[in-house]
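Encoded as structure tokens, the structure appears first; notes follow it.
All values reported here derive from a predicted model rather than from experimental measurement.
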Amino acid sequence: MRPLDPRLLRHARSARTYLVITVALGVAQAALIVAMATLLAYGITAVFLDGAELTDLVPALAALLAIVAGRAAIAWAQEAAAVRSAAGVKSELRGRLLAHLTALGPRGSTSDTGASVTLIVRGLDALDAYFARYLPQLVLAALVPFVVLTRIFPADLVAALTIVLTLPLIPVFMALVGLKTEADNRRQFKLLSRLSHHFLDVVAGLPTLKLFGRARAQAGFIREVSQEQRRVTMRTLRIAFLSSLVLELLATLSVALVAVGIGLRLVHGDLDLRTALLVLILAPEAYLPLRQVGAHYHASAEGLAAASSAFEVLETPVPATGSAHFVLPAPIIFEDVVVPFRSSSLELSAVVRPGEIVALTGPSGCGKSTALALLLGFVRPASGRVLVGDVDLATVDPAAWRARLAWVPQRPHLFAGTIHDNIALGTVASAAAVASAAAAAGAADFVEELPDGYATRLGDDGAGLSAGQRQRIALARAFLRDAPIVLLDEPTANLDRATADSVMAALRRLARGRTVLIAAHRPELIALADRVVDLTPALAPTSDAASVRGAAPASAPDAASVRDAAPASAPDAASVRDAAPASAPDAASVRGAAPVSASGGAS
Amino acid sequence: MSWMRLLRSASWPAAGGLTLAVLAGVGAAGAGVGLMATSAWLISRAALHPPVLHLMVAIVAVRAFGISRGVLRYVERLAAHDAALRALGRLRVRLFTQLEKVAPAGLAGFRQADLAQRLAGDVDAVLDMLTRVLIPYAVAAVVGLASVLLIGSFDLVAGLALAAGLVLVGVIVPLMQRAAARRSDGRLAPLRGELATGTVDLLHGLPDLLAYGADAAQLARLSEVDARLRKAGERSAAAAGASAAVTVLTTGLCVLAGLAAGAVAVRSGTMDGELLAVIVLTPLAVFEVVGALPAAAQRYAEARAALRRLAEVFTATDPTPGGTAEVPVGRDTRRVEDVPVGSHTLRVEDVSAAWPGGPTVVREMSFDLEPGARVALVGPSGSGKTTIASLLVRFLDPTAGRITLDGTDLRTLDPDAVRRVVGYLPEDAYLFDTTIAANLRLATPDATDDDLRAALAEARLLDWTDTLPKGLETLVGEHGMALSGGQRRRLALARALLADYPILILDEPTEHLDDETATALTHDLLAAAGPRTVLLITHREDVAASVDTVISLDSAPKLVTQPAR
């Protein structure tokens, strides 16, 4: 592991300033350590051998007082700088992360949303200890021995050489112990976390264990697992602590060697007391920062882990967007589109003409939502294109394109803020406009019953609202936006019958005169559509037989248009059907709704 | 129970290890101090050019201290961790035993897995409390006191100065630090909350924000909160530095006091000159030991909070006290298992119920579950359906009225005995992070693979498991997340079927599944139940066709089904 991630300096300007300050303070501190040792050695010798009185020591004591005050000021400045720069670095990284995650879009990031939230809100705090504890010690470990040795060298060559020879042994031995044990440790820590996880699992599943009468027996099992964990942990620690044993042993033993050495040379008169005391005070100071670095190893590992998970996100490239011009109304064409997701993939060729209402059907997980996400620009096809008229969607400005869409997701997100803000998402709308959108969405009734009406503040993610109420607020958004293209993602899923009926009524109002794509499961939603595109994957995954099946000759016009759009050679697993399945109660009437009349109402 | 009693009872069996750790720790820290003190004396003495033999004891001592510090520190850390892990294991068992007694009703809201996780995480605080708080404090106290006595015996003033300095760094600085941390947390906490809400809104609501072009506005709002958080963090910087400065200042002043007092003592002849270096330099080593205490004090606050939360769990009372009787059985059979399936009757008579500390959620409810009956309990969420299920498996006792199993009040029966007759498949049935087979064998540990396959077949999951390369040995992932929602339900159902309960309660078995899957699953459920008595709990009103009786619950939704905790 590198002690300092260069990316930290690249991504966070505050980190660079901090490093400079820390080095400056480190130099000052090392100088003060040497000055203090010199003065103490002088003071002790003066009193012990030269018969100095307290009054003779006053200048030295005054200087020492100044040095102590200086060291305290440095300690203060170091800690304050650490806190300030940690706050700065965290803020910079947070800002970059949020902007980058937004640019990547909901499906662009490889890490899941929960992990990103945790990283931004809590995870980066691990940098506090990294900046306050580890980094300054690292700087001191590089500076102090150097400054201290420069002072000892001219005073006593032998002691200086002892330190020069033993000091490098510490990192070398630590690296040796570390190398030998790291793989071993990692394996055992993995086992450990599995044992801890077992306890969490058992506690979380306790009611289930009680139901099966297995809970009491678990107590003994937990005892055994805990004992096993202790044995395994101790085996790991016996090795892990070896590195600190080596560190302490070398540092202390070296100081002892230096002390005995200067003592003996003092007896023989090769050395004077003042020099000997100077060396005795300074020798431990040379080893101290190195020992502290070892002690703060965890702070470093955790801080760097947090930073590197941030960099991982920041280094995910954002897909390029264009600024091509598009004109509406225009047909939306899925041209041999393939989008891999999870274990399967969506394969789709279809044309949606202006003013058409098209239902996307198929079993859960077949890619209905993914098809809508394609239009929203949240995913890009792995192959094939999505066209608006003759313009590739990948080349248009996503914001301008999205401004012409209204989207009602399966589970709309409600934001911290008022109901007004939630309906007027992304626009500045008058109270009257919001109220009329809410009325059209069937939301006005319950909103106006609230004591604060549209000014009611919602809890976290709309806590306190039922699924139906959330759905109607999302519908009100769509009404307010008044966009020519509407995307509906199972808007009635998880609603009870009565609520679903009222949402359906609002959906019918919304669909009037617009191009609508519906990811649909429920029969009444499918019934709303002029045409159905079945996304059920073909049984043979490598099917080269383009399956445009079940196109009843009687309702040829729209089926034909689909055929036109899907060239026979296309490896088109998505089959396209003409109307609602037989289970839809009014399939006949749907079939009767001629697409011609629907396109007539196109905006 | 106070957290201290909890800690004491958990660490009692490890007392020997803890003592060893403290002794080794004292030895290690003492070696550090002794090395400095002895070397200082050795050098001062050597300056008077005595015969080398007179220095031999000091030379050996210095070398011994040099070796023993590292070794003793190693022993201390190993002994401390071994003892702490023993205490941890014991605390886990104690916590689990307590939770087993009171969960889920005694800990309202406990079924939420995150609360369970937090509790389990709190247990780890015992490690910190012992190894990083108590042992360092004990070691520092002993070594500090010994050093004060040593220096004080040479020169009283220097000893007193050292004592004052140690108290300042070991006691006053931590208190200062805590006050500063509290002030800064007070400033930061609301801003952190705002940042968290905004971040969750941004990332979870990103699709909505992007679709409606509101992403830039949300980012701007967040960056404004972030700027305020940064400012607040920077304002805490001055206070954070203060404790570090005081520690350095105190160390320096003690050294200076030693030099000044020593000078006076040497000149007045009350102290030998060769001891001067000892009283000046020893404090440097002592403060290295005591300087670790402010950090220990910080951990203390965190570990204590965690232990307090745990101690609170031990104040929860058993929600179903008493009852040891077995379920009565018919004349010809001796064991519950021998009673033919579908021969038990559950009667709910004027029952009212509330979760501990919560409002009454079930009021004067009466219904019977005759042998082999198919009953649906229908009502909107919040109408007390899950509470009724908890009553029937004796997770909870009624506050009024009574429930009888074959004529015997449930309150007189051993809860485990009740749960051998009445099975409950809760809405959030838990799957353990292990294999499909191990999850199933929870129901009957001695089931053969064929039994498992039969149960899976009944739950219509066998076709799927047969396609898996590892079959029954496939891991289901944490909380069963490797499976789809429908597969999780079916696996939980297979487990409930395997346990072969005469009476089976199915709670919202189709929640969050799409219509097609839901209809198929309900059908399979009832078919698989065979001759068993089934109570189907649901908010879907279209189940009437599949059951004999529908009981509609009060449709007025109540706001709180379980008191939040």
Side-chain angles (χ1 to χ4, degrees), chain A residues 43-44 47-48 54 57 64 68 71-72 75-76 79-80 83-84 87 91 94 102 106 113 116-117 120-121 199-201 203-208 211-213 215 219 222-223 226 230 234 237 241 245 248-249 252-253 256 259-260 263 266-267 273 276 280 364 376 407 413 415-416 425-426 521, chain B residues 39 42-43 46-47 59 62-63 66 69-70 73-74 77 81 85 89 92-93 96-97 100 103-104 113 116-117 120 196-197 199 201 203 205-208 211-215 226 230 233-234 237 240-241 244-245 248-249 252 256 259 263-264 266 273 276-277 416 424 430 432-433 442-443 514:
Chain A
I44 293 170
V47 174
F48 178 31
L54 183 60
L57 283 185
L64 277 169
V68 167
R71 285 186 69 175
W76 176 85
E79 188 81 22
V83 171
R84 281 186 72 92
S91 164
R94 272 197 301 261
T102 306
T113 315
S116 301
V117 171
I120 289 168
V121 176
F199 179 60
L200 296 189
D201 202 28
V203 171
L206 189 53
T208 301
L211 283 169
F212 290 105
I222 287 175
R223 183 175 301 122
S226 292
R230 181 173 59 80
M234 290 315 295
L237 290 182
F241 290 161
L245 169 66
E248 291 277 336
L249 203 59
T252 329
L253 200 56
V260 170
L266 208 50
V267 174
L273 178 64
L280 180 67
S364 22
L376 285 160
W407 178 52
H413 187 87
F415 297 86
L425 187 67
H521 215 298
Chain B
S39 314
L42 168 71
I43 286 168
I59 288 172
V62 166
R63 286 182 180 147
R69 174 155 81 163
R73 178 100 179 92
Y74 184 70
R77 292 177 83 185
H81 279 84
L85 285 168
R92 271 189 191 155
V93 173
F96 184 82
T97 313
E100 192 273 323
Q117 299 242 354
T197 313
T199 306
D201 264 357
L203 295 182
L206 194 52
D208 304 63
Y212 285 88
D215 45 323
D226 193 86
R230 179 182 185 156
E234 289 175 349
V248 172
L249 196 64
L256 283 187
L259 182 56
V264 173
V266 170
L276 179 62
D416 275 349
Y424 174 30
Y430 193 85
F432 292 87
D433 187 2
L442 210 59
D514 59 60

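You'll find the side chain of B/R63 reaches within 4.5 Å of the side chain of A/V260, heavy atoms only.
Scanning all heavy atoms of the two residues, the minimum distance from B/F96 to A/A215 falls at CE2-O, 3.2 Å. Between A/W407 and B/D208, the shortest heavy-atom contact is CZ3-N, 3.7 Å. Across all non-hydrogen atoms, the minimal contact from B/L203 to A/V117 is CD1-CG2, 3.8 Å.
A/L64 touches chain B through backbone and side chain together, each having a heavy atom under 4.5 Å away. Heavy atoms closer than 4.5 Å to chain A are found in the side chain of B/V266, but not in its backbone. With a 4.5 angstrom heavy-atom cutoff, B/T97 touches chain A only via side-chain atoms. Heavy atoms of B/R69 lying under 4.5 Å from chain A belong exclusively to its side chain. Using a 4.5 Å cut-off between heavy atoms, B/D433 contacts chain A through both its backbone and its side chain. Interface remark: B/L42 contributes side-chain atoms only to the contact with chain A (heavy atom separation under 4.5 Å). The contact between A/L376 and chain B is made entirely by side chain atoms (from C-beta outward), counting heavy-atom distances below 4.5 Å.
Ranked by non-hydrogen atom pairs under 4.5 Å with chain A, the options B/G89, B/G241, B/G233, B/S39 are led by B/G241. Of the listed residues (B/A214, B/G205, B/G70), the one with the most heavy-atom contacts under 4.5 Å to chain A is B/G205. Between chain A and the options B/A263, B/A244, B/A211, the largest number of non-hydrogen pairs under 4.5 Å is found for B/A211. For the options A/L249, A/V83, A/V267, heavy-atom pairs under 4.5 Å to chain B are most numerous at A/V267. Chain A forms more heavy-atom pairs under 4.5 Å with one residue of B/P207, B/A443, B/A196 than with any other, namely B/P207. Per-residue heavy-atom pair counts under 4.5 Å with chain B were compared for A/A276, A/G213, A/A87, and the maximum is reached by A/A87. Looking only at heavy-atom pairs under 4.5 Å with chain A, the residue among B/D226, B/V248, B/V93 that has the most is B/D226. Of the listed residues A/G426, A/A219, A/S226, A/S91, the one with more heavy-atom pairs under 4.5 angstrom with chain B than any other is A/S91.
In the displayed structure, A/R94 atom CZ is contacted under 6.0 Å by more than 12 heavy atoms of other residues, nucleotides or ligands.
Taking A/T208 as the reference, nothing meets the side chain to side chain donor-acceptor pair (under 3.5 Å) condition, with sequence neighbours excluded.
To the nearest 0.5 Å, the span separating OG1 on B/T199 from CD1 on A/I120 amounts to 5.5 Å. Rounded to the nearest 0.5 Å, atoms CG (B/D201) and CG (B/L206) are 11.0 Å apart. One finds the CD atom of A/E79 at 14.0 Å from the CZ atom of A/R84 (value rounded to the nearest 0.5 Å). To the nearest 0.5 Å, atoms CG (A/L237) and CZ (A/R230) are separated by 12.0 Å.
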